[in-house]
Amino acid sequence: MSIQPTVSTAASRYQANSNPVEDTSKKPSASELSEANKRQLNQTILDNQLSLSLQSDDKAMNLLYRAISDAVEKRLAAQSPRGQNQDNSPEATAETGLNKTYSNEDTSPQATADRIVGFATNFYQAFREQNPELNDEDGLEQFMQEIGKGIDQGFADARDILTGLKKLEGKVATDIDETYSLIQQGLQEFKERTLKPKTEDITG
């Protein structure tokens with residue numbers, strides 16, 4: 001199959017840096033070897049992206065979900081020593097997101113938003129346990145800020161990749177925008193539900 005896309009933005013950047021180191025007459029340093037491996041990985045990711053971009057638009061929503069879930073998880077994990085060295089680059093996001101299989105799954109904006117909100121808010125209890133010095137209101141506010149930043153980062157990563165693949169247009173663009181709005185609604189509802197018992201205790 002011959003693919004001759006006019007790839008731009010993230011995808012073109014990956015492609016431009018994808019030539020592996022082949023000069024065996026030199027003895028590359030560890031950092032040079034690492035960089036060569038990264039370039040090879042980027043080329044593999046780009047190839048997968050170009051192939052999958054010709055398939056169903058559902059792939060775009062799957063990528064969006066994975067990009068956001070990875071960004072949220074890694075942002076929260078970065079607050080503890082164990083999370084400091086995880087790779088949250090668009091390349092890593094693309095690799096896991098585009099290669100993940102979602103069988104018979106609803107990829108509509110509402111369903112995707114519900115999954116993202118559910119995934120992100122499931123971290124709340126763990127966050128509170130890691131931050132016992134915060135009261136309930138401050139803890140919830142800080143948690144919402146953290147997952148909000150992770151969600152925005154995930155959207156930025158997904159948009160960057162999809163723009164490079166020229167997939168961020170038409171129905172895909174509309175669905176992603178709608179998904180973002182629905183996520184914000186879902187997060188607000190979670191915040192209100194979480195605060196409601198406390199409010200009722202005070203006024204009751």
Side-chain angles (χ1 to χ4, degrees), residues 10-11 14 41-42 44-46 48-49 52-53 55-131 139-165 167-168 172-191 193-194:
Y14 303 156
L41 174 61
N42 288 345
T44 299
I45 293 170
L46 176 61
N48 288 337
Q49 291 172 342
L52 288 169
S53 71
Q55 299 179 20
S56 170
D57 287 346
D58 290 350
K59 292 292 184 180
M61 300 301 284
N62 291 338
L63 170 61
L64 178 66
Y65 171 81
R66 188 60 184 180
I68 292 174
S69 60
D70 283 353
V72 168
E73 185 173 17
K74 290 172 184 177
R75 182 170 188 85
L76 293 175
Q79 297 184 20
S80 63
R82 291 191 307 171
Q84 293 292 339
N85 296 323
Q86 295 189 32
D87 185 2
N88 193 26
S89 64
E91 295 98 319
T93 296
E95 182 187 27
T96 56
L98 284 172
N99 291 334
K100 187 173 181 62
T101 300
Y102 297 80
S103 300
N104 300 320
E105 190 166 56
D106 185 353
T107 56
S108 67
Q110 184 66 68
T112 302
D114 288 345
R115 282 195 297 276
I116 290 169
V117 171
F119 176 86
T121 55
N122 275 340
F123 286 94
Y124 180 61
Q125 187 59 42
F127 180 86
R128 292 297 290 119
E129 291 173 359
Q130 292 170 2
N131 298 274
L140 178 60
E141 185 63 31
Q142 185 170 322
F143 174 75
M144 299 304 293
Q145 290 178 2
E146 291 299 326
I147 64 173
K149 291 175 183 177
I151 288 170
D152 286 346
Q153 181 61 56
F155 264 96
D157 290 344
R159 286 177 179 277
D160 192 29
I161 294 168
L162 292 170
T163 297
L165 296 172
K167 291 290 289 182
L168 193 61
V172 170
T174 300
D175 285 353
I176 286 180
D177 288 343
E178 183 179 354
T179 301
Y180 185 84
S181 296
L182 291 169
I183 288 172
Q184 301 310 309
Q185 292 177 22
L187 292 177
Q188 182 61 33
E189 290 171 0
F190 169 80
K191 184 177 181 180
R193 286 196 307 270
T194 304

Asks: So how far is it from Ser108 OG to Leu182 CG, rounded to the nearest 0.5 Å?
Replies: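 If I round to the nearest 0.5 Å, the distance is 8.5 Å.
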Asks: Should the pair Phe190 and Tyr124 be assigned to parallel (<30°), tilted (30 to 60°) or perpendicular (>60°) ring geometry?
Replies: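 If you compare the ring of Phe190 with that of Tyr124, the planes turn out perpendicular.
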Asks: Closest heavy-atom contact between Gly150 and Ala71?
Replies: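 Scanning both residues completely, I find the closest heavy atoms to be O-CB, 3.2 Å.
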Asks: Under 3.5 Å, is there a donor-acceptor pair between the side chain of Arg128 and the main chain of Asn131?
Replies: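 Yes.
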Asks: Verify, without hydrogens or angle tests, whether Thr112 (side chain) and Pro109 (backbone) share a donor-acceptor contact under 3.5 angstrom.
Replies: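 Absent.
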Asks: Indicate yes or no: at least one non-hydrogen side-chain atom of Arg75 is less than 4.5 angstrom from one of Gln153.
Replies: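 No. Closest side-chain heavy atoms not under 4.5 Å.
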Asks: Could you tell me which non-hydrogen atom of Phe143 sits nearest to which non-hydrogen atom of Leu76, and how far apart they are?
Replies: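 Scanning both residues completely, I find the closest heavy atoms to be CE1-CD1, 4.2 Å.
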Asks: Under 4.0 Å between a side-chain nitrogen and a carboxylate oxygen: does that hold for Asp152 and Arg159?
Replies: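 Not counted as a salt bridge, because no side-chain N and carboxylate O are separated by less than 4.0 Å.
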Asks: Can you tell me how far OH of Tyr180 sits from CD1 of Ile68, rounded to the nearest 0.5 angstrom?
Replies: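 OH of Tyr180 is found 9.0 Å from CD1 of Ile68.
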Asks: Without swapping roles, check the side chain of Asp160 against the backbone of Ala156 for a donor-acceptor pair under 3.5 Å.
Replies: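 No, Asp160 side chain to Ala156 backbone: no donor-acceptor pair under 3.5 Å.
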Asks: Does the side chain of Phe127 reach to within under 4.5 Å of the side chain of Ile147, using non-hydrogen atoms?
Replies: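 A side-chain contact under 4.5 Å is absent here.
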Asks: Quick one: pull up CD in Glu105 and CE in Met61 and give me the separation to the nearest 0.5 Å.
Replies: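 These two atoms lie 11.0 Å from each other.
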Asks: Apply the test side chain to side chain contact (heavy atoms under 4.5 Å, CB included) to residues Leu162 and Ile176: give CA-CA distance (whole Å), side-chain angles for both, the deciding distance (0.1 Å), then the verdict.
Replies: CA-CA 11 Å; Leu162 292 170; Ile176 286 180; 3.4 Å; yes
Asks: With rounding to the nearest 0.5 angstrom, report the CD to CZ distance, Gln110 to Arg115.
Replies: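 Spacing of CD (Gln110) from CZ (Arg115) equals 11.0 Å.
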Asks: Report the distance from atom CD1 of Ile151 to atom CG of Leu187, rounding to the nearest 0.5 Å.
Replies: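 Those atoms lie 4.5 Å apart.
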Asks: Rounded to the nearest 0.5 Å, how far apart are CG of Asp157 and CG of Leu63?
Replies: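 Asp157 atom CG to Leu63 atom CG measures 9.0 Å (nearest 0.5 Å).
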